[in-house]
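Everything below concerns the one structure shown next.
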Amino acid sequence: MADLLFLFISILVIASAVNVVISSQLIYSAVSLLFTLFGVAGLYVFLYADFMAATQVIIYVGGILVLIIFGVMLTNKIDTPNIVSSSSNQVIGFFAASFLFLIQLAVIVKTDWKQGEVQQIEGTVDVIGSMLLWDYFLAFEVVSILLLAALIGAAFLSRRNA
Amino acid sequence: MNDVQSYLIIASILFSLGVFGVITKRNAIAILMGIELILNAANINFIAFNRFGGMERLDGHVFAIFIIVLAAAEAAVALAIIINLFRNIGTVNVDEAQELKG
């Protein structure tokens with residue numbers, strides 16, 4: 001049962017990611033990206049990463065994807081019937097991407113991954129919280145300043161007469 | 001589903017699809033979607049290695065959280081730039097954005 005669900009989620013992630021990159025309608029790409037991000041959250045659940053799954057749904061699906069659709073709507077004329085995103089270099093892109101994929105596949109299959117003790121942690125939230133405020137405190141502060149700078153920068157850039 | 005390879009293969013497929021999208025798409029927002037796919041592939045790798053790599057704690061999760069934060073900041077700034085581009089030259093096709101000073 002769990003194997004079947006894992007297979008289903010993997011196929012959902014990959015099929016919708018394929019649709020993201022080959023669809024010629026920008027809105028269809030955005031909706032397919034929604035399914036990809038939800039599927040990745042499902043994979044996090046399989047990896048016992050409950051906090052990451054919730055974060056993925058809240059930030060990616062609720063934030064970044066809405067921002068992307070917002071951008072699609074703002075960068076097209078209202079009377080455009082269907083918003084087309086053209087592609088070019090299909091052959092070069094296909095060969096480059098499959099080349100990269102084959103290299104990664106060879107590495108993944110040939111490497112003797114250290115298996116054995118699968119991590120057993122009951123609930124990840126408190127461990128992540130204490131790690132953020134002890135071991136990664138400097139990075140936490142730096143990234144909060146980065147977020148503030150990105151917020152101010154985005155608001156400044158998108159003003160009417162910046 | 002109980003070995004690291006299956007997650008790595010899914011992540012590598014996602015990464016390759018993202019690279020394909022970044023290379024072939026000409027709309028700036030579609031390129032941004034490809035970048036999001038690549039970042040998600042990296043996140044899957046971090047969390048899979050954290051579970052199967054014999055880690056004591058959750059360092060991979062913390063790295064994945066930082067990646068999500070960076071992705072959010074990147075998407076916000078990139079969309080502001082793209083909207084400015086659209087205002088200046090009337091298109092978001094990256095092939096037509098050629099002038100250094102418009």
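All values derive from a computational prediction rather than experimental measurement. Sequence lines set the chain letters: A, B, ... in the order given, protein chains first and strands last, and positions in each chain run from 1.
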Between [X] and [Y], what is the shortest heavy-atom contact and its length?
| X | Y | value |
| --- | --- | --- |
| B:R87 | A:R159 | NH1-O, 3.0 Å |
| A:Y60 | B:L39 | OH-CB, 3.9 Å |
| A:A150 | B:A73 | CB-CB, 3.7 Å |
| A:M52 | B:I68 | CE-CD1, 3.8 Å |
| B:I23 | A:G93 | CG2-CA, 3.7 Å |
| A:L26 | B:M33 | O-CE, 4.0 Å |

Check: So A:V40 and B:I44, side chain to side chain contact (heavy atoms under 4.5 Å, CB included) or not? Walk me through it.
Finding: CA-CA 8 Å; A:V40 171; B:I44 293 176; 3.9 Å; yes

What's the separation between atom [atom1] in [X] and atom [atom2] in [Y], rounded to the nearest 0.5 Å?
| X | Y | atom1 | atom2 | result |
| --- | --- | --- | --- | --- |
| B:I10 | A:F46 | CD1 | CZ | 9.5 Å |
| A:S29 | B:I29 | OG | CD1 | 11.0 Å |
| A:L43 | B:I47 | CG | CD1 | 10.0 Å |
| A:F101 | B:F15 | CZ | CZ | 12.0 Å |
| B:D59 | A:D135 | CG | CG | 7.0 Å |
| B:H61 | A:Y44 | NE2 | OH | 9.5 Å |

Would a hydrophobic clustering, with Ile, Leu, Val, Met, Phe, Trp and Tyr connected at side-chain separations under 4.5 Å, put [X] with [Y]?
| X | Y | answer |
| --- | --- | --- |
| A:F137 | A:L147 | yes |
| A:V45 | A:I14 | no |
| B:I35 | A:V61 | yes |
| A:F140 | A:L151 | no |
| A:I68 | B:V22 | yes |

State, yes or no, whether a side-chain contact exists between [X] and [Y] at a heavy-atom distance under 4.5 Å.
| X | Y | result |
| --- | --- | --- |
| B:L37 | A:L33 | yes |
| B:F20 | A:F95 | no |
| B:L79 | A:F70 | no |
| A:F94 | B:T24 | no |
| A:L105 | B:Q5 | no |

Heavy-atom pairs under 4.5 Å with chain B, option from [options] with the top count:
| options | result |
| --- | --- |
| A:V21, A:V13, A:L47 | A:L47 |
| A:V18, A:T36, A:L146 | A:V18 |
| A:I108, A:L100, A:I22 | A:I108 |
| A:A155, A:S144, A:A139, A:A149 | A:A139 |

Can you say whether [X] sits under 4.5 Å from chain A via the side chain, the backbone, both, or neither, judging by heavy atoms?
| X | result |
| --- | --- |
| B:A11 | neither |
| B:E74 | neither |
| B:L58 | both |
| B:V69 | both |
| B:V62 | side chain |

Check: What class does the angle between the rings of A:W113 and B:F49 fall in, given that below 30° is parallel, 30 to 60° is tilted and above 60° is perpendicular?
Finding: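 Answer is tilted, since the angle falls between 30° and 60°.
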
Notebook entry, point to check: More than 12 heavy atoms of other residues, nucleotides or ligands under 6.0 Å from CZ of A:F35: is that the case?
Noted result: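 No, because the 6.0 Å sphere around CZ of A:F35 holds 12 heavy atoms or fewer from other groups.
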
Note to self: Would you say that more than 12 heavy atoms from the other residues, nucleotides or ligands in this model lie under 6.0 Å from the CD of A:E141, or not?
What the structure shows: yes

Notebook entry, point to check: Strictly by modelled atom types, are B:N43 and A:Q56 linked by a side-chain donor-acceptor pair under 3.5 Å?
Noted result: no

Next item on the list: Please lay out, stage by stage, how B:E36 and A:L65 fare under the test side chain to side chain contact (heavy atoms under 4.5 Å, CB included).
Entry: CA-CA 10 Å; B:E36 300 297 338; A:L65 196 64; over 6 Å; no

Can you say whether [X] sits under 4.5 Å from chain B via the side chain, the backbone, both, or neither, judging by heavy atoms?
| X | result |
| --- | --- |
| A:Q104 | side chain |
| A:I59 | side chain |
| A:A49 | both |
| A:L37 | side chain |

Note to self: Using the rule given for side chain to side chain contact (heavy atoms under 4.5 Å, CB included), can you reason through B:F66 versus A:L132, listing the C-alpha separation, both sets of side-chain angles and the distance that settles it, and then say yes or no?
What the structure shows: CA-CA 10 Å; B:F66 285 135; A:L132 273 182; 3.9 Å; yes

Check: Who wins among B:V92, B:V77, B:I13 for the most heavy-atom pairs under 4.5 Å with chain A?
Finding: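 Top count of heavy-atom pairs under 4.5 Å with chain A: B:I13.
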
Next item on the list: Return the option, out of B:I65, B:I82, B:V19, with the maximum number of heavy-atom pairs under 4.5 Å with chain A.
Entry: B:I65

Margin query: Quick one: does any side-chain atom of B:N84 pair with a main-chain N or O of A:L157 as donor and acceptor, under 3.5 Å?
Written below: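 Yes, B:N84 side chain to A:L157 backbone: donor-acceptor pair under 3.5 Å.
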
